[in-house]
2 protein chains.
Amino acid sequence: MKSPSQPRDRGIPEATVARLPLYLRALHGMAERGIATVSSEDLAVAAGVNSAKLRKDLSHLGSYGTRGVGYDVEYLVYQISRELGLTQDWAVAIVGVGNLGRALANYGGFVSRGFRVAALVDADPEVVGDTIAGLNVEHIDDLEAVIKRRGVSIVVLATPAAAAQEVCDRVVAVGVTSILNFAPVVLSVPESVDVRKVDLSIELQILAFHEQRKAGGPLMAVDSQ
Amino acid sequence: MKSPSQPRDRGIPEATVARLPLYLRALHGMAERGIATVSSEDLAVAAGVNSAKLRKDLSHLGSYGTRGVGYDVEYLVYQISRELGLTQDWAVAIVGVGNLGRALANYGGFVSRGFRVAALVDADPEVVGDTIAGLNVEHIDDLEAVIKRRGVSIVVLATPAAAAQEVCDRVVAVGVTSILNFAPVVLSVPESVDVRKVDLSIELQILAFHEQRKAGGPLMAVDSQ
DNA sequence: CCGACTTTGTGCATCGGTTCACAAAGGGAT
DNA sequence: ATCCCTTTGTGAACCGATGCACAAAGTCGG
C-alpha cells in the first residue's frame with residue numbers, strides 16, 4: 001500500500017536526523033575553505049563522531065559517495081540541506097521577548113540556514129511596539145492573526161513557564177505543528193504536534209552530576225580502580 | 001524505616017541522569033502545591049514519561065518508594081538532589097556577554113537549583129566593567145585568575161564560534177572539567193573533560209525536517225537527482 | 001488479625017542505535 | 001587493460017534503553 005516511488009528510504013533514524021545538522025555545519029566550513037571532496041574519516045573528525053557512524057548515517061540518504069575518493073562537498077551539502085528541508089524558507093515566530101527571546105531574535109545562526117524570524121510577540125505593553133532585530137514586537141492578543149499573516153510554521157516559545165501552555169494551545173489551534181520550547185514546563189500537545197525542548201538548567205544539572213562524581217563526593221563510594 | 005540501600009549502584013545510566021532533573025522539577029511543583037506523596041503514575045504524567053520508565057529510573061537511586069502508597073515527595077526531592085549533586089553550591093562562570101550570555105546571566109533557572117553565576121567574562125572593552133545581573137563583567141585576560149579566585153567549576157561558553165576553542169583550552173588548562181557550550185563548534189578537549197552542547201539552530205533544523213515530512217506526506221513529489 | 005487492594009521494583013523480551021570488519025567499487029599508475 | 005590502493009556501504013554482533021507484565025510488599029478497612 002505504500003508508494004514505492006521514492007528511491008531512498010524515507011525512514012531515517014531519529015539519531016541520524018539529529019546529526020545531519022552537525023555534518024552540514026562541518027561541510028559548510030569545508031566548502032568555505034575550498035575543499036572539494038572529503039572522506040568519511042575527515043568529515044567524521046570535523047563533526048566529532050565515529051566514521052562508521054557517519055557513513056551509516058549518510059547511507060540513509062542515498063549512495064552519494066565515491067569509493068576510493070570520498071564525498072563531493074557541495075553535492076553533499078545540497079543533499080543534506082534538501083533532506084532537512086532547508087532548501088525552503090521557514091518563517092519562525094518568537095513568542096516572549098525577554099532576555100532569551102531577544103537573544104534568539106538576534107542570533108545569527110537562525111537566519112543563516114533557511115530560517116527567518118518573521119514575527120516577535122509579547123504580552124508586556126512596555127515591550128510591544130519596540131523594534132528588536134529590525135522587527136516590530138506585536139501584542140499577544142494578535143498571536144493568531146500574526147501567525148496566519150506571516151505564514152509562520154515554527155513557533156519558538158521563550159515565555160515564562162506559566163504562560164507557555166496557553167500560548168502553545170493557541171498556536172496549535174491555528175495549525176502550528178512544530179514548537180521549540182525554552183520554557184521549563186512539559187507541554188501537552190496533540191500527537192501530531194512536534195515539540196522540542198531546550199532546557200538550560202537541565203544541562204547544568206547533568207554537568208553537576210558528572211562533576212560531583214569526578215570530584216568524589218563525601219558520601220561516595222567510588223568504584224574506580 | 002528506611003532500607004539499608006544507601007550507597008546504591010553508582011552506575012546510573014546516562015538516559016536516567018538526563019531525566020532526573022525533569023522529575024525534580026515536577027516534584028518541586030508538587031511540593032509547592034502541598035502534595036505529600038505521589039505515585040509513579042502521577043509523577044510520570046507530570047514529567048511526561050512512561051511510568052515503568054520512571055520506576056526503573058528511580059530504582060537506580062535506591063528503593064525509596066512505598067508499595068501501595070507511592071513516593072514521599074520531600075524525601076524524593078532530597079534524594080534526587082543529592083544524587084545530582086545539587087545539595088552543594090556550584091559556581092558558574094559565563095564567558096561571552098553578548099545577547100545570549102546576558103540572557104543566561106539573568107536566567108532565573110540557574111540560581112534556583114544550586115547554581116550560582118559567580119563571574120561574567122568578555123573580551124569587548126565596551127562591555128568590560130558593566131554591571132549585568134548584579135555582577136561586574138571582567139576582562140578575558142583575567143580569565144584564569146577569575147576562575148581560581150571565585151572557585152568556578154563549571155564554565156558556560158557563550159562566545160562567538162571563533163573564540164570558543166581558545167577559551168575552552170584556557171579554562172581546561174586551569175582545571176575546569178565541566179563545560180556547557182553554546183557556540184556552534186565542536187570543541188576538542190581531553191578525555192577527562194565533560195562538554196555538553198546546546199545548539200539552537202540544530203534544534204530548529206530537526207523541527208524543519210519533521211515539519212517538511214508532515215507537510216509533504218507520503219506521496220510528496222521530490223525532483224530527481 | 002486478615003484479606004482485599006494498591007503500587008512498587010524488576011525479570012524479560014524487544015528495539016533502536018553503535019561499532020566492527022570486510023567485500024565491493026572506483027580511481028590512478030603503469 | 002590490469003593491478004594496486006583507497007574508501008564506501010553494509011551485514012552482523014553488540015550494547016544500552018524501553019516497555020510489558022507480574023510477583024512482592026506494603027496499606028487500610030473491617
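Quick note on labels: first sequence line is chain A, next is B, and so on, each numbered from 1.
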B:Arg150 (side chain) donor-acceptor with B:Ala119 (main chain) under 3.5 angstrom:
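Side chain of B:Arg150 to backbone of B:Ala119: no pair is present.
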Minimum heavy-atom distance between A:Val186 and B:Ala46, given as atom pair plus value:
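Heavy atoms of A:Val186 and B:Ala46 come nearest at CG2-O, 3.7 Å.
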What are the two closest heavy atoms between A:Asp194 and B:Lys214, and how far apart are they?
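Reported closest heavy-atom pair: CB-NZ, 3.5 Å.
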Map A:Gly68 and A:Thr16 onto DNA chain C by nearest heavy atom, then report which one ends up closer to the 5' terminus.
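Nearer the 5' end of the strand: A:Thr16.
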Quick one: on DNA chain C, does B:Val69 or A:Arg19 contact a more 5' nucleotide (nearest heavy atom)?
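Looking at DNA chain C, the more 5' nearest nucleotide goes with B:Val69.
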Between B:Glu74 and B:Tyr78, does any side-chain donor sit less than 3.5 Å from a side-chain acceptor?
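Not at all, the side chains of B:Glu74 and B:Tyr78 share no donor-acceptor pair under 3.5 Å.
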Can you tell which of D:dT10, C:dG17, D:dT27 lies closest to the side chain of A:Ala15?
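From the listed options, C:dG17 comes nearest.
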Interatomic distance where [atom1] belongs to [X] and [atom2] belongs to [N] [whole Å]:
{"X": "A:Asn50", "N": "C:dA21", "atom1": "CG", "atom2": "P", "value": "12 Å"}
{"X": "A:Asp42", "N": "D:dT7", "atom1": "CG", "atom2": "P", "value": "8 Å"}
{"X": "B:Glu14", "N": "C:dG17", "atom1": "CD", "atom2": "C1'", "value": "16 Å"}
{"X": "B:Asp72", "N": "C:dT8", "atom1": "CG", "atom2": "P", "value": "13 Å"}
{"X": "A:Arg67", "N": "C:dA23", "atom1": "CZ", "atom2": "C1'", "value": "8 Å"}
{"X": "B:Glu41", "N": "C:dG9", "atom1": "CD", "atom2": "P", "value": "15 Å"}
{"X": "A:His60", "N": "D:dG9", "atom1": "NE2", "atom2": "P", "value": "12 Å"}
{"X": "B:Lys53", "N": "C:dT7", "atom1": "NZ", "atom2": "P", "value": "22 Å"}

Counting only side-chain nitrogens and oxygens, does [X] get under 4.0 Å of the OP1 or OP2 atom of [N]?
{"X": "A:Ser40", "N": "D:dT8", "value": "yes"}
{"X": "A:Arg55", "N": "C:dT18", "value": "no"}
{"X": "A:Tyr71", "N": "C:dG26", "value": "no"}

Take A:Leu86 and A:Leu24 through the side-chain contact (heavy atoms from CB on, under 4.5 Å) test and state the conclusion after the steps.
CA-CA 11 Å; A:Leu86 304 182; A:Leu24 195 52; 3.5 Å; yes
Identify whether any heavy atom of B:Ala52 sits under 4.0 Å from a base atom; if not, whether one sits that close to sugar-phosphate; answer base, sugar-phosphate or nothing.
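It contacts base atoms.
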Upstream residue (5' side of DNA chain D) when A:Ser63 and B:Lys56 are each assigned their closest nucleotide
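Upstream on the strand: A:Ser63.
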